[in-house]
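Below: one structure, written as structure tokens.
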Amino acid sequence: MTCPSAATRTRLRELLAPWLFVVPAAVYLLLFFGYPVVKNLVSSFQQYTPVTFYTGAAPFVGLRNYAEILSSGLFSQTLLTTVLFTAGSVAGQFLLGLALALFFRRSFPLGGLLRSLLLLPWLLPLVVSATTWKWMLDTDDGVVNNALRTFHFASSGIPWLTGTSQALMSVTLVNIWVGIPFNTAILYIGLRNIPAQLYEAADLDGAGPVATFRHITWPLLRPAVSVVLVLGVVYTLKVLDIILVVTGGGPADATQTLATQSYELSFQQFEFGRGAAMGNVLIILSLVLALVFLRADRRGARP
């Protein structure tokens, strides 16, 4: 038997080397992402309750879990709340993030320090941020209401977290505050990648700030805009900890979203099958919105 030549062994190593990097990552994704998704999908078609953990029996119920959550009187309200919360959060994060990115594009003293400090809300654990905002928005002793009373903008405490018409706005503002640093960072990087020569040419041609933004900044910033908007929608749809800490989904389910409803069904009512079904509805909604936006963005990018 002849041994393989050195060239053959070298070629074999070159073929195997990429797989040595890919296989561990693929195994990790299958175990920690693929299996939970498949398990959640299967559970949504079963009557999965705490008894299942002892008996192992989870009867197949078909689409009954989906029928129950979709026919629930709370589902339409929860879906609307989710859409409003997502739209308000993404729009606020993007607009403020873009404004700050444009501001920090200019060089000025302590600009680097201010950009670093801007990342603090993003680096803090969400539970810490949400708890701080819950204290600040407290009706009786919160900093916000005390400031409003001090400057005579309000005679009594505004029920930011306990009023049905104010609670959703409050958690949306908290989520905007948390998401601004990410939007600013990505958009700032996108702005820095735009060649300065284009702005110099526009200035020589007499283009104003609006025309420069419309014809240079915005078209070349579209890839970064797509990233922050798609990730913002997907992230916001699944926001759970901020709402649970700040309002707990109340008052009167005014801040109940698909994510918090899925959590409540699974870990408070222990209806794991219905909770899994609600989670799958949330996944489908995320995919649909992301695909719709990407398709619209692709059409808008065409000349």
Side-chain angles (χ1 to χ4, degrees), residues 28-91 126 164 167-168 171-172 175 229-297:
Y28 174 82
L29 290 174
L30 289 174
L31 288 177
F32 295 99
F33 290 92
Y35 174 76
V37 170
V38 174
K39 183 64 176 177
N40 190 76
L41 180 62
V42 173
S43 300
S44 67
F45 297 106
Q46 297 174 318
Q47 187 179 354
Y48 210 100
T49 63
V51 179
T52 305
F53 293 100
Y54 297 97
T55 64
F60 180 78
V61 295
L63 297 175
R64 191 179 73 183
N65 290 327
Y66 290 93
E68 289 179 353
I69 63 172
L70 294 177
S71 62
S72 171
L74 185 60
F75 179 78
S76 57
Q77 176 186 341
T78 301
L79 180 61
L80 177 61
T81 302
T82 302
V83 172
L84 293 176
F85 175 71
T86 302
S89 296
V90 172
L126 290 179
T164 55
L168 180 59
V171 294
T172 302
N175 193 54
L229 290 182
V230 171
L231 293 181
V233 169
V234 173
Y235 168 78
T236 306
L237 283 173
K238 66 181 185 65
V239 166
L240 177 66
D241 33 20
I242 291 177
I243 296 177
L244 288 181
V245 172
V246 176
T247 62
D253 295 319
T255 57
Q256 196 79 264
T257 64
L258 293 178
T260 60
Q261 184 66 12
S262 177
Y263 173 85
E264 181 177 320
L265 288 171
S266 298
F267 301 106
Q268 293 182 1
Q269 301 180 19
F270 301 110
E271 292 286 346
F272 298 106
R274 289 199 295 158
M278 185 68 77
N280 289 330
V281 172
L282 182 60
I283 292 174
I284 294 173
L285 180 62
S286 302
L287 290 175
V288 169
L289 290 178
L291 290 174
V292 167
F293 174 79
L294 290 174
R295 187 175 181 84
D297 183 69

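Predicted model, so just to flag it, every value in this text is computed and none were measured.
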Tell me, do L258 and L237 make a side-chain contact under 4.5 Å, heavy atoms counted? no
Report the C-alpha distance between V246 and I243 in whole Å, list the side-chain angles of each, state the deciding distance to 0.1 Å, and finish with yes or no for side-chain contact (heavy atoms from CB on, under 4.5 Å). CA-CA 5 Å; V246 176; I243 296 177; over 6 Å; no
S44 (side chain) donor-acceptor with G273 (main chain) under 3.5 angstrom: no
Is a donor on one side and an acceptor on the other found under 3.5 Å between the side chain of T255 and the backbone of G250? yes
Give, for atom [atom1] of [X] and atom [atom2] of [Y], the distance between the pair rounded to the nearest 0.5 Å.
X	Y	atom1	atom2	value
L229	L289	CG	CG	12.0 Å
T260	Q268	OG1	CD	9.5 Å
S266	Q261	OG	CD	9.5 Å
L74	L79	CG	CG	11.0 Å
E68	L70	CD	CG	10.5 Å
M278	T78	CE	OG1	6.0 Å

For residues T82 and T86, report the shortest heavy-atom separation together with the two atoms involved. O-OG1, 2.7 Å
Passes side-chain contact (heavy atoms from CB on, under 4.5 Å), T81 versus L168? Steps please. CA-CA 8 Å; T81 302; L168 180 59; 3.7 Å; yes
Show me the pairs that pass ring-ring contact (aromatic ring centres under 6.0 Å, His included) and involve residues 58-91, at least two apart or across chains. F45-Y66
